[in-house]
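See below for the structure under consideration.
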Amino acid sequence: MPLLSSKEISVQFGKGFPTVIIGERINPTNKKDLAKELRKGKFDLLKKEAIKQKEAGADILDINVGAEGVNEEEILPKAVNIASEVTELPICIDSSNPEAIEKALKVYPYKALINSTTGEESKLETMLPMAKKYNAVVICLTYDEDGIPNDPYKRFEVAKKIIDKAKYYDLSLDDIVLDCVVLSSSVDPSFTNITLETVKRVSNELGVSTVLGISNISFGMPMRQYLNLSFLSMAIANGLNAAIVDPIQDNVVETILAADFLNGRDEYGKRFISYYRNKVKK
């Protein structure tokens with residue numbers, strides 16, 4: 001099972017373990033103030049967002065600095081180390097720029113998660129050897145050169161291809177996490193079941209950990225938070241191991257903890273009750 005580390009904290013996820021919460025808030029998309037700071041090489045807002053997410057219950061922090069005018073190869077390594085230092089949480093290095101990812105991996109002294117690659121041959125040939133070289137875990141999305149399949153069977157076939165390629169590069173299956181791809185149900189209501197069926201098959205038949213970017217499900221719809229929370233519970237029930245979410249939003253962490261308890265991933269509700277007691281004290 002994937003095991004990420006930082007200075008003081010280790011996070012393990014996989015079948016039977018509680019759902020891992022990956023905080024998504026450090027991303028300058030639609031955040032003008034954060035993008036402005038990153039362009040200037042400043043990190044005050046990044047530090048605040050990192051700390052807030054840890055306090056809300058995040059297990060891992062996703063760090064994305066991609067914005068117009070931001071030199072990712074310079075800024076991403078700094079952002080990764082700063083977020084790690086102020087929270088001591090493991091880091092998910094998020095970029096579409098392989099050079100920026102490698103520069104961040106070179107300076108990050110712990111085991112990181114890379115977000116992400118796809119089943120496209122050219123991308124696998126770049127990212128899988130990099131993950132092996134730096135002892136990192138890599139997220140792989142279940143689509144390839146033919147696009148995102150609207151069929152759980154085809155997504156499952158892409159997943160198997162990714163695993164075969166990982167074995168070719170001598171990567172442990174513990175260092176692969178499959179993203180079964182969330183698309184907006186406002187476009188096609190069948191997208192929900194396609195994703196959930198893929199998660200279930202990957203979990204049950206391949207034994208590889210899974211992750212989803214939850215909020216994509218509600219894009220284009222009103223009252224998005226309710227759709228996100230409902231989908232989150234459904235995904236956990238189908239075997240989801242890690243969720244990329246905003247932990248600060250109301251009821252996100254509570255929904256994950258409740259779903260874990262009800263699905264037998266929190267023995268006697270110890271984690272759920274501990275969270276409740278801490279919340280009461282605050």
Side-chain angles (χ1 to χ4, degrees), residues 1-27 34 42-65 75-95 101-116 130-139 172 174-177 209 211 241-249 252-254 256-257 260-261 265-282:
M1 300 300 162
L3 177 64
L4 301 183
S5 61
S6 64
K7 183 177 180 181
E8 300 290 342
I9 298 169
S10 293
V11 174
Q12 189 165 20
F13 54 103
K15 196 162 188 176
F17 287 91
T19 305
V20 167
I21 301 169
I22 302 176
E24 68 182 7
R25 290 181 61 87
I26 298 176
N27 186 325
L34 179 58
K42 296 183 178 180
F43 300 95
D44 292 340
L45 279 176
L46 183 145
K47 290 178 184 178
K48 290 177 183 177
E49 290 287 5
I51 293 167
K52 284 194 315 188
Q53 289 184 97
K54 179 181 181 179
E55 291 175 345
D59 301 302
I60 298 169
L61 295 180
D62 186 273
I63 309 297
N64 184 321
V65 300
I75 298 299
L76 185 59
K78 294 178 181 178
V80 163
N81 275 343
I82 287 169
S84 175
E85 287 169 5
V86 298
T87 65
E88 297 186 343
L89 291 180
I91 298 298
C92 178
I93 301 171
D94 187 351
S95 176
I101 291 173
E102 182 160 23
K103 287 189 175 181
L105 288 169
K106 283 181 177 178
V107 300
Y108 183 65
Y110 312 108
K111 191 174 180 77
L113 179 62
I114 300 171
N115 189 12
S116 59
M130 190 185 299
K132 178 66 177 178
K133 179 179 179 180
Y134 293 98
N135 188 33
V137 178
V138 61
I139 294 173
S172 165
D174 288 347
D175 290 332
I176 297 293
V177 180
S209 294
V211 65
N241 304 119
I244 301 173
V245 293
D246 179 353
I248 293 172
Q249 283 192 350
V252 168
V253 173
E254 290 87 345
I256 291 172
L257 295 175
D260 279 349
F261 170 58
R265 290 161 66 173
D266 177 14
E267 190 176 30
Y268 300 110
K270 292 176 183 176
R271 195 174 184 223
F272 185 86
I273 293 168
S274 176
Y275 177 87
Y276 166 75
R277 286 174 175 165
N278 287 334
K279 195 166 186 178
V280 168
K281 286 179 183 178
K282 288 179 182 179

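Below, each value reflects all heavy atoms present in this structure, side chains not excepted, and no hydrogens, waters or symmetry copies. What you are looking at is a predicted structure, and each value in this text was computed from that prediction instead of being measured.
N81 places a side-chain heavy atom less than 4.5 Å from the side chain of P109. Inter-residue side-chain proximity for V177 and F13 is flagged as met; some heavy-atom pair is nearer than 4.5 Å.
The minimum heavy-atom distance linking L3 with S10 is given by the pair CD1-CB, 4.0 Å. Nearest approach of S209 to G14, heavy atoms of both residues: OG-CA, 3.4 Å. In terms of heavy-atom proximity, A58 sits nearest to L89 at O-CD1, 3.6 Å. Across Y268 and F261, no two heavy atoms sit closer than the pair C-CE1, 4.0 Å. Nearest heavy atom pair, residue V20 against residue I60, reads CG1-CD1, 3.6 Å. Contact detail for K15 and N241: the closest heavy-atom pair is N-ND2, 3.7 Å.
The backbone N or O of R271 sits less than 3.5 Å from a side-chain atom of D266, completing a donor-acceptor pair. Between the side chain of K47 and the backbone N or O of I82, no donor-acceptor pair lies under 3.5 Å.
Just one of V138, L76, L113 meets the side-chain contact (heavy atoms from CB on, under 4.5 Å) condition when paired with I93; it is L76. Just one residue in the list I22, I139, N64 forms a side-chain contact (heavy atoms from CB on, under 4.5 Å) with N115, and that residue is I139.
The CG atom of L45 sits 8.5 Å away from the NZ atom of K52 when rounded to the nearest 0.5 Å. To the nearest 0.5 angstrom, E254 atom CD is 8.0 Å from F272 atom CZ. In this structure, CD1 on I244 lies 7.5 Å from CG on D94, to the nearest 0.5 angstrom. Note that OG of S116 and CG of D62 are 9.0 Å apart. Values are rounded to the nearest 0.5 Å. Residue K78 holds its NZ atom at 13.0 Å from CG of L46, rounded to the nearest 0.5 Å. Put simply, CD1 on I9 and NZ on K7 are 11.5 Å apart, with the number rounded to the nearest 0.5 Å.
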Could you walk me through whether I26 and Q53 pass the side chain to side chain contact (heavy atoms under 4.5 Å, CB included) check?
CA-CA 9 Å; I26 298 176; Q53 289 184 97; 3.7 Å; yes
Should D246 and V252 be marked as a side chain to side chain contact (heavy atoms under 4.5 Å, CB included) after you check the CA-CA gap, both sets of side-chain angles, and the distance that decides it?
CA-CA 7 Å; D246 179 353; V252 168; 5.7 Å; no
Using side chain to side chain contact (heavy atoms under 4.5 Å, CB included), reason through I101 and M130 one step at a time and then give a plain yes or no.
CA-CA 9 Å; I101 291 173; M130 190 185 299; 3.8 Å; yes
Stepwise, does the side chain to side chain contact (heavy atoms under 4.5 Å, CB included) test hold for V107 with V80?
CA-CA 9 Å; V107 300; V80 163; 5.8 Å; no
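Residues that satisfy the ring pair (Phe, Tyr, Trp, His ring centres under 6.0 Å) test with Y110, not counting sequence neighbours, are Y108. By the ring pair (Phe, Tyr, Trp, His ring centres under 6.0 Å) test, F17 pairs with no residue at all, sequence neighbours left out.
A salt bridge links K133 with E102: at least one charged nitrogen is closer than 4.0 Å to a carboxylate oxygen.
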